[in-house]
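This report concerns only the one structure given below.
Excluded from the calculations below are hydrogen atoms, water molecules and symmetry mates; all remaining heavy atoms, backbone and side chain alike, are included. Atoms within a ligand are numbered from 1 in the order they appear, just like the ligands themselves. Remember, it's a predicted structure, so these values are computed and weren't measured experimentally. Here, residue 1 is the first one in the sequence, and each next residue gets the next number.
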Amino acid sequence: MEGQKRIPSMNGLKRTLLCRDRLNLHKKTWFKYPLLLCVTLLVCYISKEKSLLHQHYHRLVNEPNQVKAPSYRVHPKQRDKLDSKIPRTTFVHYTAGTQYHQAYPKNYHFIIDVGDVCESSSPFLVLMVPVEPNNVAARDAIRSTWGKKKIVQGKKVLTLFMLGLTEGPDVWQESELHGDLIQSNFRDSYFNLTIKTMVIMEWLATRCPRATYGMKIDSDMFLNVDNLVLMLQKPSIPQNNYLTGWLMRNRQVVRSKSSKWYVSEEIYPYPKFPLYILGTGYVFSGDLPRKLVEISRSIKPFKIEDAYVGTCMKKLGIAITSPPDPSQFRTRSNKFDRCMYSKTITSVLASPEQLLSFWMKLKMTPGLPC
Ligand SMILES: *[C@@H]1O[C@H](CO)[C@@H](O)[C@H](O)[C@H]1NC(C)=O
């Protein structure tokens, strides 16, 4: 009985062992499938990325600049001096080990320039206004308001306009008349604002490297230059590695294709932008343009120009600072408020006419209490 009992129990043990072995084997193979799947997916992903990257650069390298540049011109006052100085780089450079992309400013050259306005004495502040070639009204309004004074609070201030190329009328006459236009040979369009910003940075870095401060300010803005210069003269404001304005924190990248601000995951993979300054008006120390141009060489551009500058700043490891009084950098306000406009630095306006009207109201009745 015992023996008989033992045999089935032995068999039972064997069966259990065998079963466990099979189970182990099963477990081992079970592990292999997801692993294999992962590896396959990874290989697929890498090869897709590579081909996308390849397509990207292929396009950049082989597509020549489609805009036909007019012959190179410079304001007559500076024509002789400048001709020898300006590097005439065109198209996209592609050097082994270095990535240059479409927004890299050195891919373009200036076809109208203001010459050595910074050579004899470096300005304290350069106001750079990106504007479309055909928007003469905005430029004229700025020229007769905040762009008018060359000395503000005892400091040299320069106001210049940055233009790209459009099929519209020639701006050469206007340039001869005012000597404040810079035009580069990229196609001027909303989606090319990042190029425009970086070209502004390149101009500052190469033509005005000793300016103490610079500002990128949109053509539809109100600017209280006196307040800005006063702010920049505060001892707490650094003269290096400084960027300030209206802070944009934790901004989600727009992934809806119909949006004006859409950025694809392929171009910018992260869900949020780093801290940046709203593009309507940002102020920076004179050393930053060169640093931004250099770092931009290795950062894929996307069309949200201000977030792009923020991304460059992050890669540079330079902190963005809040202005001493953040309420001085404002967004839209549709009614004229004497008190507000006498204290503000920037504010978004609706039209050149509004700029003229608000400016008149503020300046033509000095001494009025607010
Ligand atoms: C941006 O400018 C480049 C260079 O001129 C041009 O090739 C490209 O078509 C422009 N893009 C848009 C969207 O206008």
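- With sequence neighbours excluded, the residues forming a side-chain contact (heavy atoms from CB on, under 4.5 Å) with Ala141 are Pro352, Leu355, Leu356, listed by chain and number.
- Listed by number with element, the atoms of ligand 1 under 4.0 angstrom from any heavy atom of Phe186 are 5 (O).
- Comment: Lys216 engages Glu305 in a salt bridge, judged by a side-chain N to carboxylate O separation of less than 4.0 angstrom.
- Of all the atoms in ligand 1, the ones that sit under 4.0 Å from a non-hydrogen atom of Phe191 are 13 (C).
- No N or O atom of Tyr108 sits closer than 3.5 Å to an N or O atom of ligand 1.
- Comparing Arg187, Lys196, Gln102, Lys303 against atom 7 (O) of ligand 1, the shortest heavy-atom distance belongs to Gln102.
- The contact set between ligand 1 and Ser189, taken as ligand atoms under 4.0 Å from a residue heavy atom, comprises 12 (C), 13 (C), 14 (O).
- The backbone N or O of Ile299 sits less than 3.5 Å from a side-chain atom of His101, completing a donor-acceptor pair.
- Listed by first and then second residue, the ring pair (Phe, Tyr, Trp, His ring centres under 6.0 Å) pairs that reach into residues 350-370 are Phe222-Trp359, Phe336-Phe358, Tyr341-Phe358, sequence neighbours excluded.
- Looking at Trp146, its side chain does come within 3.5 Å of a backbone N or O of Met221 through a donor-acceptor pair.
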